[in-house]
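The structure appears below as structure tokens.
Everything quoted here is computed from the prediction, not taken from an experiment.
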There are 2 protein chains.
Amino acid sequence: MDRPVSRLQDTRGQRQVKILVAGTGAVGSFYGAKLGQSGADVGFLCRSDYTLVLQKGVEIESVWGNFHYTPSVVVSSAAAYRDHSGAADIVLVALKSLPCIDVQAIIRDAVGPGTSVVLLQNGIGIEQSVAAAFPANEILSGIAFVCINRVGPGRIRHTDYGRVVIGRYQAGMSERLAAIAMMLERAGIPTRIAADIVMERWVKLVWNAPFNPLSVLCGGVTTRDILDSPECTLVARRVMEEIVAVAAAEGFVLPADIIDKNMADTARMEPYKTSMCLDYESGRPLEVDAILGRVVDIARRRCVPVPHIETTYAILSAVAARMTPCRQPGE
Amino acid sequence: MDRPVSRLQDTRGQRQVKILVAGTGAVGSFYGAKLGQSGADVGFLCRSDYTLVLQKGVEIESVWGNFHYTPSVVVSSAAAYRDHSGAADIVLVALKSLPCIDVQAIIRDAVGPGTSVVLLQNGIGIEQSVAAAFPANEILSGIAFVCINRVGPGRIRHTDYGRVVIGRYQAGMSERLAAIAMMLERAGIPTRIAADIVMERWVKLVWNAPFNPLSVLCGGVTTRDILDSPECTLVARRVMEEIVAVAAAEGFVLPADIIDKNMADTARMEPYKTSMCLDYESGRPLEVDAILGRVVDIARRRCVPVPHIETTYAILSAVAARMTPCRQPGE
């Protein structure tokens with residue numbers, strides 16, 4: 001037969017699924033450790049925490065229960081992983097969505113003909129370049145709804161939520177998607193399969209596009225602080241309206257009540273610091289392009305006016321440019 | 001006769017003009033000292049620098065020539081000025097344009113029937129409340145184009161420019177306006193009389209509305225930094241377009257080439273830190289309302305869309321709200 005046999009079939013008993021987690025910040029470490037805890041053979045591709053994780057594994061403090069996980073292998077490059085374990089069945093990408101991070105270059109050596117690539121990243125437009133780099137591989141796209149933090153090297157604190165929405169890129173269903181979703185669910189991660197994951201990304205962006213940037217630009221503030229300002233609340237709504245308009249121009253018609261619902265939900269929830277705000281306060285690079293820049297590009301291509309997003313984007317870019325420059329993993 | 005005699009007529013030889021400068025930051029101290037140097041009887045209404053200025057006067061380091069000036073009287077209230085000197089011929093207001101600074105309350109006791117009030121302040125909409133408080137007095141409105149800084153208590157550094165545009169509020173000409181303009185000119189201050197000073201304020205706002213806020217929001221940057229970012233340059237242009245549109249709705253048709261000219265002039269000039277940027281870096285209150293807030297109010301009343309201004313305003317307000325709160329002089 002001319003198509004590679006999926007090793008995920010092996011989950012039905014034959015042998016452990018081999019997973020390589022690329023990007024072992026909070027999200028990658030947490031979901032990787034959960035999968036490992038449930039029986040998968042999970043390797044960690046680490047950057048700064050390499051030595052510590054190699055020696056001590058990762059410590060997960062979680063509302064779902066604390067645990068310690070020792071990865072089956074800790075590597076500092078995909079080539080090292082391949083030399084040790086061969087190609088991965090699944091490469092779980094939890095790297096930041098940053099222009100300086102070349103996902104395909106980082107994972108290439110661990111990707112074989114039967115490897116599925118799962119992109120568990122923020123923002124929109126994160127899949128194209130990876131899909132183009134691995135045209136014969138299954139590319140899955142996932143969104144994590146989780147409150148989680150890396151509180152130290154190899155130390156992760158999971159404080160709330162945790163569900164994952166996952167789908168094939170660009171759309172549709174597959175056995176492998178279903179198998180991976182089941183695997184996540186079995187690992188204790190509430191998982192939903194989406195037939196149109198790009199649509200789901202637009203849905204999530206309706207919230208992220210206003211609240212992530214405003215939380216940074218207003219000086220490192222919570223959702224409550226933003227909503228306490230009538231002017232910021234208005235801008236948040238306008239940004240949401242512009243996201244809805246750009247999504248529509250791309251063919252994704254979002255629910256009519258999505259803005260009212262987002263605003264009401266945000267008003268109800270505890271004051272929350274967005275991940276971008278935490279990145280800002282810690283001096284880590286901001287995901288400006290994935291959250292705003294690509295929307296601006298699409299809007300211009302589609303001739304959709306996005307003045308509120310455009311202003312926010314310009315200022316956020318300037319702020320980000322004055323922070324620590326982004327580094328490739330391994331640098 | 002039922003109209004008060006203008007004491008400015010006295011400048012033709014009889015006696016010194018009595019001027020009270022309210023707001024002895026950089027602008028007030030500089031222009032007050034220049035007027036005093038040229039022979040006017042200039043009193044200073046001081047807040048934080050009261051004791052020092054009383055003892056030592058003010059030290060002016062200026063590209064026009066350094067000099068020291070001892071005010072004819074230094075007071076901490078308008079009532080104290082009146083008790084010492086009677087009503088002023090001219091009250092020169094160089095206070096910040098801030099909601100917490102009640103200009104009429106601060107100057108009232110020094111304003112008599114013949115007093116002219118000269119508002120040398122930033123932004124638009126600064127005149128209405130003062131004009132309403134003193135309906136029988138001549139209200140003049142002035143714009144200073146000057147690079148100047150208070151480098152310490154009673155110490156002012158004037159580094160570039162210095163001209164003043166002055167006019168009657170709301171418009172028109174008068175002998176007293178002409179006399180005050182001549183007095184400024186004789187004091188070595190290049191002065192132009194404007195028949196429509198509100199129009200001049202809109203003209204100046206075309207530059208201030210983008211560059212003052214962006215210099216703060218982009219992280220305390222120069223005009224060069226703003227123009228180095230294509231996204232910020234675009235937003236600066238869009239903010240200018242919105243100012244032009246709001247001005248037009250108010251009946252002020254600005255020159256067709258004003259935006260191109262502003263952008264080109266800014267690109268040509270040395271990297272410059274706006275006064276708002278300096279205020280920001282020194283933790284002083286920002287003139288958010290005078291530069292953006294009132295424009296937003298007018299735009300909403302006139303139904304002119306100002307999305308770029310609105311976004312900038314919301315973020316700037318949030319930043320300002322987290323800085324040191326504004327204090328009334330004397331607090």
Side-chain angles (χ1 to χ4, degrees), chain A residues 209-242 245 277 280 283 286 288-289 292-297 299-300 304-324, chain B residues 209-242 245 277 280 283 286 288-289 292-297 299-300 304-324:
Chain A
F211 285 105
N212 274 279
L214 287 176
S215 68
V216 170
L217 299 181
C218 294
V221 301
T222 68
T223 48
R224 181 66 47 83
D225 296 319
I226 294 169
L227 295 185
D228 278 348
S229 154
E231 291 296 333
C232 288
T233 302
L234 178 77
V235 169
R237 266 193 178 271
R238 294 278 177 272
V239 168
M240 288 183 177
E241 287 163 10
E242 291 171 8
C277 185
Y280 172 70
L286 309 182
V288 180
D289 284 326
L292 290 182
R294 289 194 196 119
V295 179
V296 171
D297 289 345
R300 286 175 184 164
V304 179
V306 289
H308 297 84
I309 293 177
E310 183 168 81
T311 307
T312 310
Y313 173 56
I315 299 172
L316 188 66
S317 299
V319 168
R322 291 168 61 82
M323 294 174 60
T324 315
Chain B
F211 285 105
N212 274 279
L214 287 176
S215 68
V216 170
L217 299 180
C218 294
V221 301
T222 67
T223 49
R224 180 67 47 84
D225 296 319
I226 294 168
L227 295 185
D228 278 349
S229 153
E231 290 295 335
C232 288
T233 302
L234 177 77
V235 169
R237 266 192 179 272
R238 294 278 178 271
V239 167
M240 287 182 178
E241 287 163 9
E242 291 171 7
C277 184
Y280 172 69
L286 309 182
V288 180
D289 284 325
L292 291 183
R294 290 198 193 115
V295 179
V296 170
D297 288 345
R300 285 175 186 162
V304 179
V306 289
H308 296 85
I309 293 176
E310 181 167 82
T311 307
T312 310
Y313 173 56
I315 299 172
L316 188 67
S317 298
V319 168
R322 292 169 61 82
M323 293 173 62
T324 314

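Across Val235(A) and Ala314(B), no two heavy atoms sit closer than the pair CG2-CB, 3.5 Å.
Using a distance-only test at 3.5 Å, with no hydrogens or angles considered, a donor-acceptor pair links the side chain of Arg322(B) to the main chain of Gly219(A).
When heavy atoms are compared at a cutoff of 4.5 Å, Leu234(B) approaches chain A solely by way of its side chain, counted from C-beta outward. Residue Thr312(B) touches chain A through both its backbone and its side chain, counting heavy-atom pairs closer than 4.5 Å. Residue contact with chain B, scored on non-hydrogen atoms closer than 4.5 Å, involves the backbone and the side chain of Leu217(A) alike.
The pair Arg300(B)-Glu231(A) counts as a salt bridge, with a side-chain nitrogen and a carboxylate oxygen less than 4.0 angstrom apart.
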